[in-house]
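We number each residue from 1, following the sequence as shown.
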Amino acid sequence: MYTEEDLASAVRAGIFSADTAAAFRHHVARQQPVADEEHFRLLSGFNDVFVVIASVLLLLAVGWIAGTLAPWCGGVAVAVTAWGLAEVFTRQRRMALPSIVLLLAFVGGTGMAGMALLAGAIADSVLVTVLASAMATAAAWLHWRRFQVPITVAAGTAALTGCVASLLLAALPLLHDWLNLVVFGAGLASFVLAMRWDSSDRQRQTRRADVAFWLHLLAAPLLVHPAFQQLAGPGGHSGVAQALLVLALYGAIALVSLCIDRRALMVSALAYVLYAFSGLLEQYGVVSLGFAITALLIGAALLTLSAFWHVCRVAVLRRIPPAWQAHLPPLQ
């Protein structure tokens, strides 16, 4: 429940001495499990859920009422209300789940307001999308400067990705035929940014590790979707060759996940693996139990990997050059 930054703040406030904080860190470290874990705070108690429900109801009502005046007024009202609520529940109360919801409401409200406002003044829909995405990106940057909610960087990156992708598709219409490549490039850029945040906190003790987690969660579907869609082919049907390629690609994704100690890539690719192999079994007559058998095999394999995650990481990292290991999370 307490981050490294919380302890540093307590030391600066005189609540703990530096020696006491160091002893506390050592004690907590000894209590941690041996296996590598991904820690991020989502709930501090049921009050988080209570606040989220109340906030969503309030934001919906405010947006609805203000939207009767003008479409853009609804987005502005949602953004302003979300910022005001964040001053209490993010900056003062430091509640995790409400902070995430309020950040998304602020960025989304800003983007919707920009879209509605610009649509009435600009005929070019692409330009409207670019400018609205740029407004959402600026909103995420302002929110980060004020509140520093870890998911904010991923939200801003997503908005910026939409802005850049819209510009590229407008400037180069031929890219519509290479849309998977554009999406994959956006995912690769997000992944590189996530690794930069990850490498700046290899021990995963500060907010930077949480920022990297959300960036990996953003990058994963952008990387996985175009790759598996390309393998599936135009009809989306899976033969033996496609199923084997999907399995090989998933194995490569598992190796990358072990190296960087992040499971987001594997989770994002899981649906494609289930679809490919259940479709393959159906082609061979196993219609009613195709998905069940696939889920049984994949689920058992993932649980086995989870149980021996640390052992597998040790085996993989030993085969990686030391220069690369210097940028990866160390073995715990």
Side-chain angles (χ1 to χ4, degrees), residues 55-56 58-60 62-63 66-67 69-92 94 96-171 182-183 185-197 200 207-208 210-219 221-222:
S55 298
V56 170
L58 178 62
L59 291 169
L60 287 174
V62 167
L69 302 176
W72 62 268
C73 288
V76 171
V78 168
V80 171
T81 304
W83 185 283
L85 293 174
E87 290 288 346
V88 177
F89 297 109
T90 300
R91 191 168 177 83
Q92 296 181 18
R94 305 186 68 180
L97 185 59
S99 298
I100 294 172
V101 173
L102 293 173
L103 170 274
L104 295 177
F106 176 72
V107 175
T110 303
M112 288 188 297
M115 187 76 72
L117 186 61
L118 294 170
I122 301 175
D124 190 348
S125 60
V126 175
L127 183 58
V128 170
T129 302
V130 169
L131 293 176
S133 300
M135 291 175 63
T137 304
W141 180 80
L142 288 173
H143 200 281
W144 172 257
R145 297 288 296 177
R146 178 65 174 171
F147 302 107
Q148 294 194 343
V149 179
I151 195 177
T152 308
V153 178
T157 303
L160 182 61
T161 297
C163 180
V164 174
S166 299
L167 281 174
L168 287 175
L169 291 173
V182 174
V183 175
L188 192 60
S190 301
F191 180 77
V192 171
L193 182 60
M195 289 304 301
R196 285 181 63 87
W197 282 88
S200 67
R207 185 182 285 114
R208 293 190 297 273
D210 293 335
V211 171
F213 169 82
W214 291 109
L215 283 169
H216 279 296
L217 213 59
L218 169 67
L222 296 177

Side chains of residues 127-138: which donor-acceptor pairs under 3.5 Å do they make with residues two or more places apart or in other chains?
residue	atom	partner	partner atom	Å
Thr129	OG1	Ser125	O	3.0
Ser133	OG	Thr129	O	2.8
Thr137	OG1	Ser133	O	2.8
Thr137	OG1	Leu160	N	3.2

What donor-acceptor contacts under 3.5 angstrom involve side-chain atoms of residues 100-107, with partners at least two apart or in another chain?
none

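Between the Arg146 side chain and the Arg91 main chain, no donor and acceptor come within less than 3.5 Å of each other.
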| task | Show the numbers, then the answer: is there a side-chain contact (heavy atoms from CB on, under 4.5 Å) between Val76 and Leu117? | result | CA-CA 10 Å; Val76 171; Leu117 186 61; over 6 Å; no
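Taking NE2 from His143 and OG1 from Thr90, the interatomic distance works out to 5.5 Å, rounded to the nearest 0.5 Å. Atom CG of Leu217 is separated from atom OG of Ser190 by 11.5 Å, given to the nearest 0.5 angstrom. Here CD1 of Ile151 is found 10.0 Å from CG of Leu215. Values are rounded to the nearest 0.5 Å. In this structure, the separation between NE2 on His216 and CG on Leu193 is 9.5 Å, given to the nearest 0.5 Å.
The heavy-atom pair separating Ala219 from Phe191 by the smallest distance is CB-N, 3.6 Å.
Identified under the salt bridge (Lys or Arg N to Asp or Glu O under 4.0 Å) test for residues 107-116, with sequence neighbours left out: none. Sorted by first then second residue, the side chain to side chain donor-acceptor pair (under 3.5 Å) pairs that include residues 70-84, not counting sequence neighbours, are Trp83-Glu87.
Remark: Ala158 pairs with Leu218 by the side-chain contact (heavy atoms from CB on, under 4.5 Å) rule, at least two apart or across chains. Under the side-chain contact (heavy atoms from CB on, under 4.5 Å) criterion, Val192 pairs with no residue at all, not counting sequence neighbours.
Two residues are said to be in side-chain contact when any heavy atoms from C-beta on lie closer than 4.5 Å; Trp197 and Val153 meet this criterion.
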